Peer 1: 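The structure under discussion is supplied below as structure tokens; questions concerning it will follow.
Worth saying up front: this structure is predicted, and the values here are computed from it rather than measured.
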Amino acid sequence: MPEATGLSVLVVSGDEIVRTVATNMLVACGHHATCVVSGEEALNILNTGIGTQSKFHFVISDMDLPGMSGMELLAAIMNHDQLKNILVI
């Protein structure tokens with residue numbers, strides 16, 4: 001297994017298979033993945049990590065999410081002063 005790079009990734013998808021595959025791929029590459037089902041959950045966990053060691057390096061998100069869409073999540077992250085530098089894919 002590759003040496004851990006220290007990257008922390010937030011995976012956002014309403015589809016359990018997508019979350020599982022993305023997590024397995026990230027872990028196989030030596031990264032740490034945290035998964036949530038919705039945009040609201042993603043914002044909650046991102047906001048909780050502000051000012052702590054629990055910061056994410058980037059977010060991988062579906063466009064079609066339960067509740068808030070992927071585009072709405074992207075806009076919320078971009079409009080938040082302390083989150084706007086997180087890369088969103």
Side-chain angles (χ1 to χ4, degrees):
M1 178 176 285
E3 185 177 324
T5 62
L7 293 180
S8 183
V9 183
L10 180 60
V11 178
V12 188
S13 177
D15 186 324
E16 183 177 356
I17 294 172
V18 170
R19 291 191 310 270
T20 300
V21 170
T23 298
N24 290 341
M25 290 176 64
L26 289 163
V27 169
C29 291
H31 304 295
H32 173 74
T34 301
C35 297
V36 295
V37 175
S38 69
E40 290 86 358
E41 285 181 279
L43 284 178
N44 184 42
I45 199 166
L46 288 168
N47 282 317
T48 301
I50 292 174
T52 71
Q53 297 288 2
S54 301
K55 293 185 179 179
F56 290 94
H57 293 95
F58 62 97
V59 175
I60 299 175
S61 177
D62 278 347
M63 296 293 288
D64 186 24
L65 298 168
M68 171 186 288
S69 73
M71 288 303 291
E72 291 169 322
L73 173 60
L74 173 62
I77 291 170
M78 290 176 57
N79 290 320
H80 192 293
D81 286 340
Q82 295 178 312
L83 299 176
K84 64 184 177 184
N85 292 324
I86 296 175
L87 177 65
V88 180
I89 301 170

Peer 1: When the side chains of residues 81-89 are checked against the rest of the protein, which donor-acceptor pairs come out under 3.5 Å, sequence neighbours left out?
Peer 2:
none

Peer 1: Between V18, V12, L26, V11, which is the residue that forms a side chain to side chain contact (heavy atoms under 4.5 Å, CB included) with C35?
Peer 2: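 The side chain to side chain contact (heavy atoms under 4.5 Å, CB included) with C35 is passed solely by V11 among V18, V12, L26, V11.
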
Peer 1: Return the set of residues passing side-chain hydrogen bond (donor to acceptor under 3.5 Å, both in side chains) with N47 (not counting sequence neighbours), or none when no residue passes.
Peer 2: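 Partners of N47 under the side-chain hydrogen bond (donor to acceptor under 3.5 Å, both in side chains) test: H80.
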
Peer 1: Any chance you could pull the hydrophobic cluster mates of V21, using side-chain heavy atoms under 4.5 angstrom and chaining through other members?
Peer 2: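 Direct or chained contacts put V21 with I17, M25.
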
Peer 1: Is there any side chain to side chain donor-acceptor pair (under 3.5 Å) pair reaching into residues 14-28, and which pairs are they, with sequence neighbours excluded?
Peer 2: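 Sorted result for residues 14-28: empty, none.
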
Peer 1: Would you say L10 and L74 are hydrophobically clustered, going by side-chain heavy atoms of ILVMFWY under 4.5 Å?
Peer 2: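 Yes; tracing contacts between hydrophobic side chains, which count when under 4.5 Å, links both residues.
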
Peer 1: Side-chain donor-acceptor pairs under 3.5 Å in residues 56-69, sequence neighbours left out?
Peer 2:
| from | atom 1 | to | atom 2 | distance (Å) |
| --- | --- | --- | --- | --- |
| H57 | ND1 | S8 | N | 2.7 |
| D62 | OD2 | S13 | OG | 2.5 |
| S69 | OG | M71 | N | 3.4 |
| S69 | OG | E72 | N | 3.1 |
| S69 | OG | E72 | OE1 | 3.4 |

Peer 1: Which residue pairs pass the salt bridge (Lys or Arg N to Asp or Glu O under 4.0 Å) test with at least one member in residues 27-43, sequence neighbours excluded?
Peer 2: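 Output for this query is empty, none listed.
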
Peer 1: Is L43 reachable from I45 through a run of I, L, V, M, F, W or Y residues, each pair having side-chain heavy atoms under 4.5 Å apart?
Peer 2: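 Shared cluster, yes.
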
